[in-house]
Amino acid sequence: MARRMRHTVETSAVDLFTLIEKKLSPANAKRETGSDRLLVLRVPQDQIIASLKLLTEELGLKHLSTITGLDIGDSIELNYQFWHSDRIVDIKTSISKTAPRVETCTPVIPGAVLYEMEVHDMFGVTFEGHPWMDRKLLLPDNYPKDLPPPLLKGTSSEKIRKAVGIEK
Amino acid sequence: MILTILQALILPGIAFTITLGLIFEWLERKTMARMTGRVGPMVAGPAGVLQPLADFVKLLYKEEVMPSFADKTVFRYAPGLFFLAPLVSMLFVPVIGPSAVASFSLDLLLIVFILAYATFVVAVLSYASASSFTTVASGRLVLQYVSYEIPLVISIVTPALLVGSLSIQEIVQAQSSRWNLLLMPFSFAVYIVALLAELEKPPFDIPSAKTEIVAGWLTEFSGRALAFLKLSKELGLVFGASLAVALFLGGPLGPVPQSIVPVEIFYTTYFLVKLFALGLLIFVVRTALARLKIIDAAVLFWKILLPLSLAQAFFVLVVKG
Amino acid sequence: MPRKLGSAVPEMIRTLIQPPVTEGYPFKPLQLSERFRGKLDVDPERCTGCGVCALVCPVFCIDMIDVGTRKVGDRELPLKKPEFDLAICISCGECVDNCAFNALELTRQFELATANKQDMVMRKALVK
Amino acid sequence: MHDTFDKTVQDRKETSAGLMQYSAENLVPFGPIHPALKEPEYFKLILEGERIVDVIPRIGYVHRGLEKAAEQRPWIQNIYMFERTCGICSFAHSMAYVQAVEELLLYKLPERAKFIRLVVAELERIHSHLLWIGLMGHWAGFETLFMWVWKDREIVLDIVEAIAGNRIHKSLATIEGVKRDIPEPLIPGFIERLKYITTRVHYYRNVVDTESTLLIRTEGIGKISADRLEQLCAVGPLVRAAGIPRDVRRDDPYAAYNDVPMDLVTKSGVDIHTLMQQRLDEVVVSVNMIIYALEHMPPGPVKLRVPPVVPKGENASHVEAPRGELFYFVKSNGGRMPERVKVRTPTLANLPSALEMLKGHTLADVPVVLTGIDPCFGCMDRLSFLDRDSQKLWRWSGEELRQYGIHHYFPERKK
């Protein structure tokens, strides 16, 4: 339980979290350990776009700070992290590592176009419907196709270095 | 005969112009530096006076690289031609006395032709070095030349209209009582602005925009060619300023007291004082303004300076007539 | 705001009169703030070879080198002393803060150019 | 990259004849590394005739895999690596990382450390804004403004060196505190020099607003609407200049921003001129905050001793870097090394809006808009054009495009 030291949180804002939780409960969102400033909700993969739409249109959470990819052993976890006044709302969903595919959220949040490209480069997650999925954003041109994406736990730095041709 | 050759070679001629060119470059770098809180050249010679000469000599023995797809002949000989233009035209400007080294009745028109010839040489030269930067620089150069050329010529011809002759020497002699500037301040202003455009000094350094096309038409040159091209740019400034002094500020003329000192000394000092004053004015303007876009420069010349110089010429005709 | 041509001129004249701000380095010495973090320096007497600095260095530029043995009770233990590769060191001061015997110090010396890289390796502390 | 090089030489022969007719078909390829380029990045512009329809970014030439490296280094040593992500906002990175980790540890940050972090963060903001204003002068050909503004920026850098020992990489923030205290006797000197900077900034505000040659280059150039910026999740001065009051220092105060008064600067519309005004006004606000913080600095320790192990947990934290919201996400599984560190720099957030500002402009406007948007990785590098109708692909460096645009400026477009 990470307790925030920064400043006391006004009581009125707390029910924002419960409001979000209630709104997303049809998408059976489960609340996980966050803090009085960080709301963490886990949503199943098929509900992710619906809940994002709900968040942006009805609840007014417009600013998506980023999409963070996490390699948690057997699956890849995507965190859609929003910033709203003095809170951070993190919508989690986990997708299988074998066929990492998820629908793109760019129609709902146009600003996410580069975040999805970055997660695609680093974790190999394909976002269906993303306009530039065939292009690379960050990886060098000579990154081998067969080498798994760099940020997965399996790929070690040495392997990447050898593949890209930098000897330490 | 020998005297004129000596004069041509040394005093108001080649040696004099080149030293003036080097001193002007030092003065420009020093004043611009001091006005922006920097020190400016300070290593070669006292207060860095010899820095431009040091740069010139250093460049002379640097290796000269020629791009493989450049047009060889033009690339090798054009810099020399461009270097000659200001030197030749400097001979027609009276410096040490009311009479110039060489003079004939239509030398003002020859000056105009030499200006056009110099720009033409630069355009061909930068196009010949065939790198993408220089080709665009030559495009810009021609566009800028076309916009400043007519106001420049009109502002040059206005003093000739007043005096009624196309020889610089006679124009200077006619100003012994009253400077032309008092009668035609606007054509003097137009001349200065057009001179800034001709020398590609800010706000008109569009063809050689440092941040946009590296060094403009100078990009592909190195070694001897670069040394001479840089020097001829400075000589262009010296000649431009001395032409303004001759046409508008009465050249070397000024009150000459009777004394054992030869009269040339007074004339030359008057000429140099006016020249450096004009130089400082140009350097202040150069430091104070941002670079214009080519379209705004063209608009400025065609819409503002051209009518202004025409009106001034018309005014002079009316006054004279 | 009214548009003016040359609104920078008055300031240019003021700057012209004031002395230029360019510092005379290398002809005149550069005055550094007394907290300047420059080249690392070690005091061989104080260094006991505890190896904390090698642990905390973010760029792993400190290696512990064997310099012989030391007596601990009745046992002979290998004595290791730090060797600093100042070419890699980023002068962050992490080792200086963590050194319990304050044998390390960041001097205000910053001119480190040398012809060969080997001079950058500081072996001052490798004494018994 | 090899294929592009052969194509260059072969193409060059064909085009050397056609170079003079400088039209859209001119094929002038350039590599990512070129003397005229500051930092390599690369945008593909999709054209329809002259109008730009779409822009596809391809960055990453300076990507060093910091996130992967962070997973193999202990917590404290990561500070010095993340600090070097960017030269201009280096303290913002170390502070954001350290803050994310501190909130996983249950310690209370000493008050004095909060104030010192605020002072150094605001000093860095002033230095970054002044750098940008100077660069704007340089790009617009106004060298004098460039020299003056960078001359005054030296004052800020000297203050930072007096506090942190290094002008750029402060290496000051550490987990649960700040490594060194502010030198008390020097504070009056700092305050006096900062006041001098305010007078200078007021003067620059006057030059930026009145110098007509500069106004021609900056007014009405590079426009984008406020709600489009909102949709594209833009951050920082770009957003505040459009009138959206979004600033992490005010909305979600960290360090001592809760205790130091700050008035938010917003403008009413984005173009290069308002962006310059926005940043100059923000410098004045930063100076006032620093002076307030220096005068009300609470006594007490600046650092707590912290075990090298961080309890299991996840945490997201953000700070207001000079260019906007800098977002850090840290996950720890209770070990000596982080499980995952995610960094999202403000420039990545602003990039879609920067590309958006290019859309709709004609090819000739692109160079001017490019000088307006100032992404953190420096100037434009290489542009490729894919003409949809004729399916021809050609590449230009930012520089060619700049002079192509200027050279082929369409007169019918009113100034």
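Naming convention: chains lettered A, B, ... in sequence-line order (proteins, then strands); numbering from 1 in each chain.
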**Q** What part of A/L152 gets closer than 4.5 Å to chain D, counting heavy atoms only: side chain, backbone, both or neither?
**A**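 For A/L152, backbone heavy atoms alone lie under 4.5 Å from chain D.
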**Q** Rounded to the nearest 0.5 Å, how far apart are CG of D/D251 and NE2 of A/H63?
**A**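 Answer for the CG-NE2 pair, D/D251 versus A/H63, is 10.0 Å.
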**Q** Please check: side-chain N/O of D/K331 versus main-chain N/O of A/L70, any donor-acceptor pairing under 3.5 Å?
**A**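 It does not hold such a pair.
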**Q** Under a 4.5 Å heavy-atom cut-off, does chain D meet the side chain of A/D121, its backbone, both or neither?
**A**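 No part of it gets close to chain D.
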**Q** If you round to the nearest 0.5 Å, how far is OG of A/S156 from CD of D/Q72?
**A**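 Answer for the CD-OG pair, D/Q72 versus A/S156, is 8.0 Å.
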**Q** If I measure from the heavy atoms of chain A, does D/E325 come under 4.5 Å with its side chain, its backbone, both, or neither?
**A**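 It is the side chain, since no backbone atom gets that close.
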**Q** Looking only at heavy atoms, what is the nearest atom pair of A/G111 and D/C233, with distance?
**A**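 Answer, listing the atom of A/G111 first, then D/C233: CA-SG, 4.1 Å.
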**Q** I'd like to check A/Q81 versus D/H318 (side-chain heavy atoms, cut-off strictly below 4.5 Å). Are they in contact?
**A**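 A side-chain contact is absent here, since even the closest heavy-atom pair is not under 4.5 Å.
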**Q** Between atom OG1 of A/T68 and atom CZ of D/F327, what is the distance when rounded to the nearest 0.5 Å?
**A**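 Answer for the OG1-CZ pair, A/T68 versus D/F327, is 5.5 Å.
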**Q** Got a sec: does the NZ of A/K153 have more than 12 other heavy atoms crowding it under 6.0 Å?
**A**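 Atom NZ in A/K153 is crowded, with more than 12 foreign heavy atoms closer than 6.0 Å.
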**Q** Tell me, side chain or backbone of D/A69 under 4.5 Å from chain A's heavy atoms, or both, or neither?
**A**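 Interface part for D/A69: neither.
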**Q** Considering only heavy atoms and a distance below 4.5 Å, find which of A/S85, A/S65, A/A112 pairs most often with chain D.
**A**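 Between A/S85, A/S65, A/A112, the count favours A/S65.
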**Q** Salt bridge between D/R340 and A/E77, side-chain N to carboxylate O under 4.0 Å?
**A**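 So D/R340 does not pair with A/E77 through a salt bridge.
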**Q** Which atom names give the shortest non-hydrogen contact between D/A316 and A/L38, and what distance separates them?
**A**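 Where D/A316 meets A/L38 most closely, the heavy atoms are N-CD2, 4.2 Å.
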**Q** Any chance you could measure A/L114, atom CG, to D/N350, atom CG, to the nearest 0.5 Å?
**A**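 With rounding to 0.5 Å, CG (A/L114) is 10.5 Å from CG (D/N350).
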**Q** Report the option among D/V235, D/D247, D/N333 that has the most heavy-atom pairs separated by less than 4.5 Å from atoms of chain A.
**A**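 Option with the top pair count is D/D247.
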**Q** Chain A heavy atoms under 4.5 Å from D/E71: which part of the residue, side chain, backbone, both or neither?
**A**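 Answer is side chain: those atoms of D/E71 sit under 4.5 Å from chain A.
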**Q** For the pair A/E118 and D/R344, find out whether any cationic side-chain nitrogen is under 4.0 Å from an anionic carboxylate oxygen.
**A**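 A salt bridge is absent here (no side-chain N lies under 4.0 Å from a carboxylate O).
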**Q** What part of A/P150 lies closer than 4.5 angstrom to a heavy atom of chain D: side chain, backbone, both or neither?
**A**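 Backbone only.
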**Q** Within this structure, what is the CD1-CZ distance for the pair A/I67 and D/F329, rounded to the nearest 0.5 Å?
**A**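 If I round to the nearest 0.5 Å, the distance is 13.5 Å.
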**Q** Quick check for you: to the nearest 0.5 Å, what is the distance between D/L348 atom CG and A/T66 atom OG1?
**A**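 OG1 of A/T66 is found 7.0 Å from CG of D/L348.
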